Every structure is written in structure tokens, then in C-alpha cells.
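One structure is given below, encoded as C-alpha cells.
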Amino acid sequence: MRFMAEPSAVNFGGKVHGGAVMTWIDQCGYACAVGWSGRYCVTLYVGGIRFYRPIVIGHVVEVRARVIYTGTTSMHIAVDVRSADPRDRRYAQTTHCVIIFVAVDDDGKPVPVPLWQPESADDRALVDYARRLMDLRKGIEAEMDAVRERDEGAPRGSEG
Ligand SMILES: CC(C)(COP(=O)(O)OP(=O)(O)OC[C@H]1O[C@@H](n2cnc3c(N)ncnc32)[C@H](O)[C@@H]1OP(=O)(O)O)[C@@H](O)C(=O)NCCC(=O)NCCS
């Protein structure tokens with residue numbers, strides 16, 4: 001996806017709002033997942049989004065998404081955001097993340113997706129990256145589950 005960073009996306013500091021960038025990432029990742037699977041897809045997991053540098057209003061934004069791993073029903077999509085001043089068109093990376101989508105049927109039940117097979121050395125490196133993230137995520141999810149269980153057990157109103 002390529003478009004202008006419009007004034008409507010501004011944050012309190014005068015640059016592009018992080019929420020706008022997250023919307024673009026989700027939209028581009030969704031289009032990629034639906035395109036690959038040919039099915040409606042839902043977002044299962046958004047991995048750590050890293051904002052490397054701000055995006056200036058009036059700059060050109062480019063959002064790229066690609067499949068880097070498929071399971072049976074899930075697709076791991078790497079999304080990169082770059083931006084450039086339209087006067088020199090020198091793109092610099094601003095954001096990166098990996099999103100997991102699941103293809104679902106009309107009842108919201110996961111359905112199989114076509115297998116994505118790496119062809120180049122770059123592709124194989126991306127599969128390894130996706131697998132390493134999966135391993136790392138297990139520890140993160142264990143921590144998050146512990147907090148969720150604690151919060152669900154807390155009495156109503158305790159969040160203040
Ligand atoms: C996504 C959803 C359909 C998955 O349902 P589920 O019953 O948990 O699915 P399953 O246990 O059958 O797992 C489905 C896939 O997700 C993967 N998955 C499940 N939990 C996961 C996790 N924590 N991290 C990574 N992958 C996970 C499974 O490995 C499986 O992938 P595979 O078939 O490629 O092996 C369900 O959790 C859901 O509807 N979530 C809400 C989605 C949503 O509202 N998103 C925001 C708006 S789009």
C-alpha cells in the first residue's frame with residue numbers, strides 16, 4: 001500500500017499517530033492473509049511492534065506485507081512500513097512487526113490455508129525468523145496468561 005500521510009493522522013506531537021500506523025499495518029497484513037488464503041481472516045496475534053522513527057505528515061508511506069510462514073490454519077505475515085519525503089523519495093524504515101492471522105469459515109472456525117513454501121535463501125531465513133519468534137512468544141504468553149488469570153480472579157472494581 002502506498003499513500004500520503006495526511007493531516008487527519010496527526011498525533012499531539014505533530015507527527016503520524018501510532019494508532020494510524022497500527023491500522024495501516026493491520027489492513028495491509030489482512031489483505032495479504034486474505035489474498036494468500038482466499039478466505040476471510042481474523043487477527044490472532046500482533047507481535048511487538050517496533051517504531052524505529054516517526055512518520056512526518058505529508059510524507060509518502062509504503063506498507064509492505066508478506067507471508068513468512070504458514071501452519072495448518074494460521075499465516076505469519078511480516079509487515080514493514082517505510083516513509084519518504086516526496087521531494088527526494090529516499091525511503092527509510094519506520095516500523096516492523098509480525099502478525100498472525102487465522103483463516104476462518106462463516107462460523108468463525110479455523111480452516112486450512114495453502115502451504116507457503118520458501119524458495120530463496122531469504123525466504124528460508126524468514127521461516128527461521130518466524131520459528132524463533134514462535135519460541136520466544138511461548139515465554140511472553142506464559143507471562144501474559146499469569147497476569148490474565150490474576151486479573152480475572154480479582155474482585156470487580158479493583159482496577160480503580
Ligand atoms: C483466531 C481464533 C479463530 C482461533 O480460534 P482457536 O479455537 O483458538 O483456534 P485453534 O486452537 O484451532 O488454533 C488456530 C490456529 O491458531 C494458532 N494459535 C492458537 N493460539 C495461538 C497463539 N497463542 N500463538 C500463535 N498461534 C496460535 C494455532 O496454532 C492454529 O494454527 P495452525 O492451524 O496453523 O496450527 C479465535 O481465537 C478468535 O476468534 N479470536 C478472536 C479474533 C479477533 O477477533 N481478532 C480481532 C479482529 S479481526
Side-chain angles (χ1 to χ4, degrees), residues 1-6 8-12 15-52 54-55 61-83 93-154 156-159:
M1 294 173 6
R2 207 182 258 184
F3 48 86
M4 300 299 292
E6 293 189 13
S8 56
V10 75
N11 68 13
F12 297 109
K15 303 281 180 19
V16 168
H17 198 282
V21 180
M22 289 194 271
T23 299
W24 300 333
I25 287 173
D26 194 53
Q27 287 172 344
C28 194
Y30 172 79
C32 181
V34 171
W36 181 258
S37 63
R39 307 292 299 234
Y40 174 64
C41 298
V42 292
T43 314
L44 173 93
Y45 193 96
V46 182
I49 301 181
R50 174 70 163 99
F51 295 95
Y52 299 112
I55 299 175
V61 180
E62 183 187 77
V63 191
R64 284 171 171 260
R66 59 174 301 183
V67 178
I68 62 167
Y69 178 87
T70 50
T72 304
T73 64
S74 64
M75 292 153 284
H76 297 221
I77 311 285
V79 186
D80 289 286
V81 184
R82 306 191 309 155
S83 70
Q93 185 165 32
T94 69
T95 318
H96 170 80
C97 79
V98 173
I99 310 182
I100 304 174
F101 288 90
V102 173
V104 293
D105 63 16
D106 291 346
D107 299 319
K109 296 273 181 301
V111 288
V113 298
L115 176 68
W116 179 74
Q117 285 181 307
E119 285 170 6
S120 63
D122 277 357
D123 289 349
R124 284 188 286 280
L126 286 169
V127 171
D128 290 344
Y129 171 53
R131 289 209 168 103
R132 283 197 303 276
L133 286 183
M134 273 187 260
D135 284 344
L136 288 169
R137 232 175 259 126
K138 286 177 191 152
I140 295 170
E141 292 215 10
E143 292 291 337
M144 289 168 70
D145 284 348
V147 170
R148 196 177 67 173
E149 279 161 24
R150 191 198 65 202
D151 288 351
E152 282 178 354
R156 275 179 190 282
S158 63
E159 59 276 353

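When a ligand or atom number is given, it counts from 1 through the structure's own listing order. These numbers were taken from a predicted model, which means no experiment stands behind them. Any value given below was found using the heavy atoms of this structure, including those in side chains, with hydrogens, waters and symmetry copies removed.
- Formation of a donor-acceptor pair under 3.5 Å by the Arg124 side chain with backbone atoms of Glu119 is found in this model.
- Only side-chain heavy atoms of Glu141 come within less than 4.0 Å of ligand 1; its backbone N, CA, C and O stay farther off.
- Distance check for atom 9 (O) of ligand 1: a protein heavy atom is found below 4.0 Å.
- For atom 46 (C) of ligand 1, the nearest non-hydrogen atom of the protein is Thr43 O, 3.8 Å.
- At a heavy-atom cutoff of 4.0 Å, ligand 1 is contacted by the side chain of Ile100 but not by its backbone.
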Verdict with supporting geometry, Phe101 and Trp36, ring pair (Phe, Tyr, Trp, His ring centres under 6.0 Å): CA-CA 11 Å; Phe101 288 90; Trp36 181 258; over 10 Å; no
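- With sequence neighbours left out, the side-chain hydrogen bond (donor to acceptor under 3.5 Å, both in side chains) criterion links Arg66 to Asp123.
- Of all the listed residues (Thr73, Val42, Val46), Thr73 holds the heavy atom that lies closest to atom 32 (P) of ligand 1.
- The protein heavy-atom contact nearest to atom 3 (C) of ligand 1 is Gly108 O, 3.8 Å.
- Inside a 4.0 Å radius of atom 42 (C) of ligand 1 there is at least one protein heavy atom.
- Contact annotation: the side chain of Tyr52 never approaches that of Arg82 to less than 4.5 Å [non-hydrogen atoms, C-beta and beyond].
- When non-hydrogen atoms are compared, ligand 1 lies under 4.0 Å from the side chain of Pro110 (C-beta onward) but not from its backbone.
- Closest non-hydrogen pair, Ala78 versus Ile68, comes out as CB-CG2, 3.8 Å.
- Closest to atom 21 (C) of ligand 1, if we only count protein heavy atoms, is Leu44 CD2, 3.5 Å.
- Residue contacts with ligand 1 for Val102 involve side-chain atoms from C-beta outward but no N, CA, C or O (heavy atoms, distance under 4.0 Å).
- Counting protein heavy atoms under 4.0 angstrom from atom 39 (O) of ligand 1 gives zero.
- Between Val147 and Glu143 there is no side-chain heavy-atom pair separated by less than 4.5 Å.
- Not one N or O of Arg137 is nearer than 3.5 Å to an N or O of ligand 1, by distance alone.
- The shortest N or O to N or O distance between Tyr40 and ligand 1 is not under 3.5 Å.
- Using modelled atom types, one side-chain atom of Asp105 and one backbone atom of Asp107 make a donor-acceptor pair closer than 3.5 Å.
- Checking atom 15 (C) of ligand 1 against the protein gives a heavy-atom contact under 4.0 Å.
- Closest protein heavy atom to atom 35 (O) of ligand 1: Thr72 N, 4.0 Å.
- Annotation: side-chain hydrogen bond (donor to acceptor under 3.5 Å, both in side chains) contacts of Tyr40 (sequence neighbours excluded): none.
- Distance remark: protein heavy atom not present below 4.0 angstrom from atom 29 (O) of ligand 1.
- Judged by distance alone, the side chain of Ser37 and the main-chain N or O of Val113 form no donor-acceptor pair under 3.5 Å.
- Ring geometry for Tyr129 versus His96: interplanar angle of 30 to 60°, hence tilted.
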